[in-house]
Amino acid sequence: MKKTAFLGALTVSGLVAGAAAAATLEDVQERGNLNCGVSTGLPGFSAPNSAGEWEGFDVAVCRAVAAAVLGDPTAVEFVPTTGQTRFTALASGEIDMLSRNTTWTFSRDNDLKFEFVGVNYYDGQGFLVPKALGVTSAKDLDGATVCIQTGTTTELNLADFFRTNNMDYEPVPIETNAEAQQQYLAGACDVYTTDASGLAATRATFETPSDHVILPEIISKEPLGPLVRHGDNEWGDIARWTLNALIAAEEYGITSANIDELAEGTNNPEINRILGTEGNLGEMIGLDSDWAVRAIKAGGNYGELFERHIGESTPIGLARGLNAQWTEGGLLYSPPFR
């Protein structure tokens, strides 16, 4: 009898929690803006520009979702979060989604009750050292002092790497990338370790970037992507398929320059379904038929966003690598729109 009552209470509480979580789309629409969690400042990915406007590769995902849902890519309230505060901000409802170089892991997906909606950057953890240190391999770092952001997978990977290679290190805990940069340049640590993309972004801000080397070893898999709370499948679907629309747009040659023309209809059924001239995909996720058009027009397709914010022609200087389309030898792949 007690067990039945307990299960009944769980069912009721689960329904209440589910109903609360399922209100995200309505909340965003009623509020008129998307609350999106970003980093405290990582050039190329999420950082305020000289005018105080947030921009970057992760920021662009937030703007695409806002465009899809609200019709306005500027209707976003950006909430800076650290490695320690980001998950609390999402779980508490302070933000509607998190888009800040966050690694998809088993425990975050299940134990923390979050839903990763895809991968927008395939990465791996690396090491940044001053060239003057004379180190050419991460296996030469025995006894080094290492700047490490707390509350991250980076912290755990670092411990695993040094343990596996029978080396010792002294951690220098830091909260933000800006603090890491300050401590590293001040000589408080020999090494800064984080995702290789973050190292490239940080090094690009140095007065003399060439005085610093990213070592060749990549010691982990870091699939980075946006995430939402468990329990609101409709909102998760909107965020997921908005990201997929950006990826698929690049694959099918839909760009910010030609999207208006293509949105009038083409001979390619997949393009037509993405852009809403065939089928009713928008209706299936509670949006209108032009949701993906707005998302893509917000900043361009995945490739356009990559090149503008973090590509080889930018100070960040990242090659596509694993983040190339699957047709170009990379891992980037959107499920079909049908």
Using the rule given for ring-ring contact (aromatic ring centres under 6.0 Å, His included), can you reason through Tyr192 versus His212, listing the C-alpha separation, both sets of side-chain angles and the distance that settles it, and then say yes or no? CA-CA 11 Å; Tyr192 177 35; His212 304 269; over 10 Å; no
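- For Asn258 and Asp260, the side-chain atoms include no donor-acceptor pair closer than 3.5 Å.
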Can you list the steps and then say if Phe127 with Phe161 is a ring-ring contact (aromatic ring centres under 6.0 Å, His included)? CA-CA 12 Å; Phe127 298 91; Phe161 177 76; 5.6 Å; yes
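- Judged by distance alone, the side chains of Arg100 and Thr81 do bring a donor and an acceptor atom under 3.5 Å apart.
- A chain of hydrophobic side-chain contacts below 4.5 Å, direct or via other Ile, Leu, Val, Met, Phe, Trp or Tyr residues, connects Ile247 to Ile238.
- One hydrophobic cluster, built from ILVMFWY side chains closer than 4.5 Å, holds both Leu331 and Trp104.
- Atom CZ in Arg203 sits 10.5 Å away from atom CG in Asp211 (nearest 0.5 Å).
- Between Thr266 and Asn268, the side chains place no donor N or O within less than 3.5 Å of an acceptor N or O (distance only, hydrogens not considered).
- Defined by atom type and a distance below 3.5 Å, a donor-acceptor pair is present between the side-chain atoms of Arg86 and Thr102.
- Ion pairing between a basic and an acidic side chain is recognised when a charged N comes within 4.0 Å of a carboxylate O; Lys221 and Asp123 show no such pairing.
- The distance from atom CG of Leu215 to atom NZ of Lys139, rounded to the nearest 0.5 Å, is 12.5 Å.
- Thr103 is linked by a side-chain hydrogen bond (donor to acceptor under 3.5 Å, both in side chains) to Glu222, counting only residues two or more places apart in sequence or in another chain.
- Counting only residues at least two apart or on different chains, no ring pair (Phe, Tyr, Trp, His ring centres under 6.0 Å) pair has a member in residues 134-154.
- The backbone N or O of Ser313 sits nowhere less than 3.5 Å from a side-chain atom of Glu307 that would complete a donor-acceptor pair.
- When only modelled atom types and interatomic distance are considered, Asp58 and Asn120 share a side-chain donor-acceptor pair under 3.5 Å.
- Residues Thr85 and Thr82 have side chains that bring a donor and an acceptor to within less than 3.5 angstrom of each other.
- Among residues two or more places apart in sequence or in another chain, the salt bridge (Lys or Arg N to Asp or Glu O under 4.0 Å) test is passed with Arg294 by Asp288.
- Applying the salt bridge (Lys or Arg N to Asp or Glu O under 4.0 Å) criterion to Arg273, with sequence neighbours excluded, gives Glu270.
- Between the SG atom in Cys147 and the CD atom in Gln181 there is a gap of 11.0 Å [rounded to 0.5 Å].
- Hydrophobic clustering, with ILVMFWY side chains joined whenever heavy atoms are under 4.5 angstrom apart, keeps Leu199 apart from Leu141.
- Under 3.5 Å, the side chains of Asn35 and Glu77 contain no donor-acceptor pair of N or O atoms.
- The list of side chain to side chain donor-acceptor pair (under 3.5 Å) pairs with a residue in residues 325-338, not counting sequence neighbours, reads Glu250-Gln325, Glu251-Trp326.
- Within the hydrophobic cluster formed by Ile, Leu, Val, Met, Phe, Trp and Tyr side chains joined at under 4.5 Å, directly or through other members, Val172 stands alone, with no partner residue.
- For the pair Arg229 and Phe114, the cation-pi test (distance below 6.0 Å, angle within 45°) is failed.
- The distance from atom CG of Asp195 to atom CD of Gln125, rounded to the nearest 0.5 Å, is 7.0 Å.
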Check step by step if salt bridge (charged side-chain N to carboxylate O under 4.0 Å, His left out) holds for Arg240 and Asp237. CA-CA 5 Å; Arg240 176 181 302 105; Asp237 288 341; 2.9 Å; yes
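- Note that the CZ atom of Phe116 and the CG atom of Asp109 stand 7.0 Å from one another [nearest 0.5 Å].
- Taken together through direct or relayed side-chain contacts under 4.5 Å among Ile, Leu, Val, Met, Phe, Trp and Tyr, Val129 and Leu185 form parts of separate hydrophobic clusters.
- Note that the CG atom of Leu243 and the OH atom of Tyr302 stand 8.5 Å from one another [nearest 0.5 Å].
- The cluster map of Ile, Leu, Val, Met, Phe, Trp and Tyr, joined by side-chain heavy atoms under 4.5 Å apart, puts Trp241 and Leu305 in the same cluster.
- Of the N and O atoms on the side chains of Glu304 and Ser256, at least one donor lies less than 3.5 Å from an acceptor on the other residue.
- Using modelled atom types and a 3.5 Å distance limit, the side chains of Asn177 and Ser39 yield no donor-acceptor pair.
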